[in-house]
2 protein chains.
Amino acid sequence: MTKSPAPERPKLGEFLCFAVYSANLAFGRAYRPILEKLGLTYTQYVALVALWERDDQTVSELGEKMFLESNTLTPILKKLEQSGFIERRRDPADERQVRIRLTAKGSELRNHEIGNELFDATGLGDSFFDVQKSVAKLRDNLMRSLGD
Amino acid sequence: MTKSPAPERPKLGEFLCFAVYSANLAFGRAYRPILEKLGLTYTQYVALVALWERDDQTVSELGEKMFLESNTLTPILKKLEQSGFIERRRDPADERQVRIRLTAKGSELRNHEIGNELFDATGLGDSFFDVQKSVAKLRDNLMRSLGD
DNA sequence: TCCGATTTCATCGTATGCGCTTGAATTACC
DNA sequence: GGTAATTCAAGCGCATACGATGAAATCGGA
């Protein structure tokens, strides 16, 4: 959306949703060549970051942090398993759940300093953190508005 | 990425790219039920907004505004044509180019006030415009860093 | 003029996202 | 304690994104 009192002819450049959409495309393009060298896609990388934060999560837990459902996550996790970054195993205590664990190969990547070179590319300087917080808040507000 | 002096264990919640990624998911989910009623997907809607701003554009021109290439845009525009929102026609003066024009049906939607109800859902209040500008700037900086 | 380079759109294969549905396992409830 | 409801992962179809490639039209220099 644009703003509360909408202009007669809304312009793409005034849409917050489009700014977010296109910034996401830009991040995807910026990350791709970096992650490609490691044999990772962006979403796979996000899953690894979530697992570095806490290992041994179920698909749902991981999905909650990534804002994804199992139908999206399952194929991604299977790829990560094929590539040897993680292990997928049914929980013996509750066979409905699949627990995701990092392998040694998956843990190692943690020290790779993957996206740091992109800090400068954002060109935000000191406002980096403010923008990060604002966008996270925006996301949380939108997500909450869906749940009601 | 997170910040310049990286923490030992980067947390998902500190990533600007993840904030943008997940906010984009949230917008997609917020828009879906609204656009569904009109028989539009989000990307199709963006294409229409760009055409409302200026009608009769080539695929490349539209792609520049939407930050998309013809390989992504072509199937989307074909869908919009099938749905009767636009017309696709080769430019007689240069048969390489395909010109995109709104149909009457496509023009009408302009007055539909589509995303305005989402303004409140963002929960940003007065900072809405600042966030919009910051994220657009972020996108432009990232995109520029790719072009060099 | 002629032919190679460039431009423009389109096709193909891969990887998400998501709604819908299925199927297996567990829990709740009478 | 047996059946209904719930939970959880996964399968399927559709709609983007994008790199690589192809094909047609145009351009430009010898």
Side-chain angles (χ1 to χ4, degrees), chain A residues 17-18 20-33 35-37 39-47 57-64 66-83 86 88-100 143 146, chain B residues 17-18 20-33 35-37 39-47 57-64 66-83 88-100 139 143 146:
Chain A
C17 60
F18 180 69
V20 169
Y21 164 82
S22 49
N24 186 48
L25 291 182
F27 263 128
R29 292 172 199 178
Y31 266 103
R32 183 178 299 274
L35 292 174
E36 211 162 51
K37 292 179 196 125
L40 288 172
T41 64
Y42 180 71
T43 317
Q44 289 170 13
Y45 171 59
V46 171
Q57 300 189 57
T58 68
V59 175
S60 324
E61 285 169 341
L62 214 43
E64 248 176 80
M66 297 175 65
F67 300 97
L68 294 175
E69 308 278 329
S70 70
N71 53 359
T72 301
L73 214 39
T74 295
I76 291 164
L77 295 174
K78 283 187 175 175
K79 293 264 168 55
L80 277 174
E81 186 183 37
Q82 280 185 340
S83 312
I86 63 165
R88 293 166 64 251
R89 234 183 30 183
R90 294 259 166 206
D91 186 337
D94 185 344
E95 292 277 347
R96 289 174 304 181
Q97 302 182 68
V98 171
R99 306 203 70 88
I100 310 298
M143 289 285 190
L146 297 175
Chain B
C17 60
F18 180 68
V20 169
Y21 165 83
S22 50
N24 186 49
L25 291 182
F27 264 128
R29 289 170 200 179
Y31 265 104
R32 183 178 299 273
L35 293 174
E36 210 162 51
K37 292 178 195 126
L40 288 172
T41 64
Y42 179 70
T43 316
Q44 289 170 14
Y45 171 59
V46 171
Q57 300 189 58
T58 67
V59 174
S60 323
E61 284 170 342
L62 214 46
E64 248 176 78
M66 298 175 63
F67 299 96
L68 293 174
E69 309 276 330
S70 70
N71 54 358
T72 301
L73 216 37
T74 295
I76 292 164
L77 295 174
K78 283 187 176 175
K79 293 266 168 55
L80 277 174
E81 187 183 36
Q82 279 186 341
S83 311
R88 292 166 64 250
R89 234 185 31 186
R90 293 263 165 201
D91 187 336
D94 184 345
E95 292 277 348
R96 288 173 303 182
Q97 301 182 60
V98 171
R99 305 203 70 88
I100 311 297
R139 173 203 62 211
M143 289 286 188
L146 298 174

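Keep in mind that the numbers below use all heavy atoms, side chains included, and drop hydrogens, waters and symmetry copies. Every chain is numbered from 1 and lettered A, B, ... according to where its sequence line falls, protein lines coming before strand lines.
For the residue pair Ala30(A) and Pro33(A), the shortest heavy atom distance occurs at O-CD, 3.5 Å. Minimum interatomic distance between Cys17(A) and Tyr31(B) (heavy atoms only, all atoms of both residues): SG-OH, 3.5 Å. Closest of all the heavy-atom pairs between Arg99(A) and Thr58(A) is NH1-CG2, 3.6 Å.
When each of Arg29(A) and Arg99(A) is assigned the nucleotide of DNA chain D bearing its nearest heavy atom, the one mapping closer to the 5' terminus is Arg99(A). Position along DNA chain D of the nearest nucleotide to Asp94(A) versus Ala26(A) favours Asp94(A) as the more 5'-ward residue. In terms of position along DNA chain C, the nucleotide closest to Ser70(B) lies nearer the 5' end than the nucleotide closest to the other residue of the pair Ser70(B) and Glu95(A).
Remark: Thr41(B) is not in phosphate contact with dA15(D), judged by side-chain N or O atoms under 4.0 Å from OP1 or OP2. Put simply, Thr43(A) has a side-chain N or O that comes within less than 4.0 Å of OP1 or OP2 on dG17(C). Proximity of Tyr21(B) to the phosphate of dG17(C): a side-chain N or O atom is located under 4.0 Å from OP1 or OP2. For Thr72(A), no side-chain nitrogen or oxygen approaches OP1 or OP2 of dG17(C) to under 4.0 Å. Side-chain nitrogen and oxygen atoms of Arg88(B) include at least one within less than 4.0 Å of the OP1 or OP2 phosphate oxygen of dA10(C). For dT16(C), the OP1/OP2 oxygens have a side-chain nitrogen or oxygen of Gln44(A) closer than 4.0 Å. Using a 4.0 Å cut-off, no side-chain N or O of Arg90(A) falls inside it from OP1 or OP2 of dA9(D). One finds no side-chain N or O of Arg32(B) lying less than 4.0 angstrom from the OP1 or OP2 phosphate oxygen of dT16(D). Distances shorter than 4.0 Å separate none of the side-chain N or O atoms of Tyr42(B) from OP1 or OP2 on dC18(C). Distances shown here put a side-chain N or O of Lys78(A) below 4.0 Å from the OP1 or OP2 atom of dG11(D).
Among the heavy atoms of the strands, none lies under 4.0 Å from Leu73(B). Contacts of Asn71(A) with the nucleic acid, taken as non-hydrogen atoms under 4.0 Å apart, include base atoms. Across all strands, Leu68(A) comes closer than 4.0 Å only to sugar-phosphate atoms, never to a base (heavy-atom distances).
At whole-Å resolution of the value, CD in Glu69(A) and P in dG11(D) are 16 Å apart. Regarding Arg96(B), its CZ atom lies at a distance of 12 Å from the C1' atom of dA5(C), rounded to whole Å. Here dT6(C) presents its C1' atom at 13 Å from CD of Gln97(B), a figure rounded to the nearest Å. Taking atom CZ of Phe18(A) as the reference point, atom C1' of dA17(D) lies 14 Å away to the nearest angstrom. We find that CG of Leu146(B) is positioned 10 Å from P of dC18(D), with the value rounded to whole Å. Rounded to an integer number of Å, the gap from CD1 of Ile76(A) to C1' of dA17(D) is 14 Å. Going from atom CG of Leu62(B) over to atom P of dT16(D) covers 13 Å, rounded to whole Å. Atom C1' of nucleotide dC14(D) and atom NZ of Lys79(B) are separated by 7 Å, given to the nearest angstrom.
With Arg90(B) contributing its side chain and Glu95(B) its backbone, the two residues share a donor-acceptor pair below 3.5 Å.
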Full working for side chain to side chain contact (heavy atoms under 4.5 Å, CB included) between Leu80(B) and Leu40(B): CA-CA 8 Å; Leu80(B) 277 174; Leu40(B) 288 172; 3.8 Å; yes

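Enclosure of atom CZ in Arg89(B) is not indicated, since only 12 or fewer non-hydrogen atoms of other residues, nucleotides or ligands lie within 6.0 angstrom.
The aromatic rings of Tyr21(A) and Tyr42(B) stand perpendicular to each other, their planes meeting at an angle above 60°, with 30° marking the opposite boundary.
Residues satisfying the salt bridge (charged side-chain N to carboxylate O under 4.0 Å, His left out) test with Glu61(A), not counting sequence neighbours, are Arg54(A).
Here dC18(D) is the nucleotide among dC18(D), dT8(C), dT11(C) with the atom lying nearest to any side-chain atom of Leu25(A).
Within the model, atoms CG of Leu35(B) and CD of Gln44(B) stand 9.0 Å from one another, a figure rounded to the nearest 0.5 Å.
Pairs of Watson-Crick or G-U wobble type, with distances under 3.5 Å, assemble into runs of 3 or more in DNA chain D at these ranges: C:1-30 with D:1-30.
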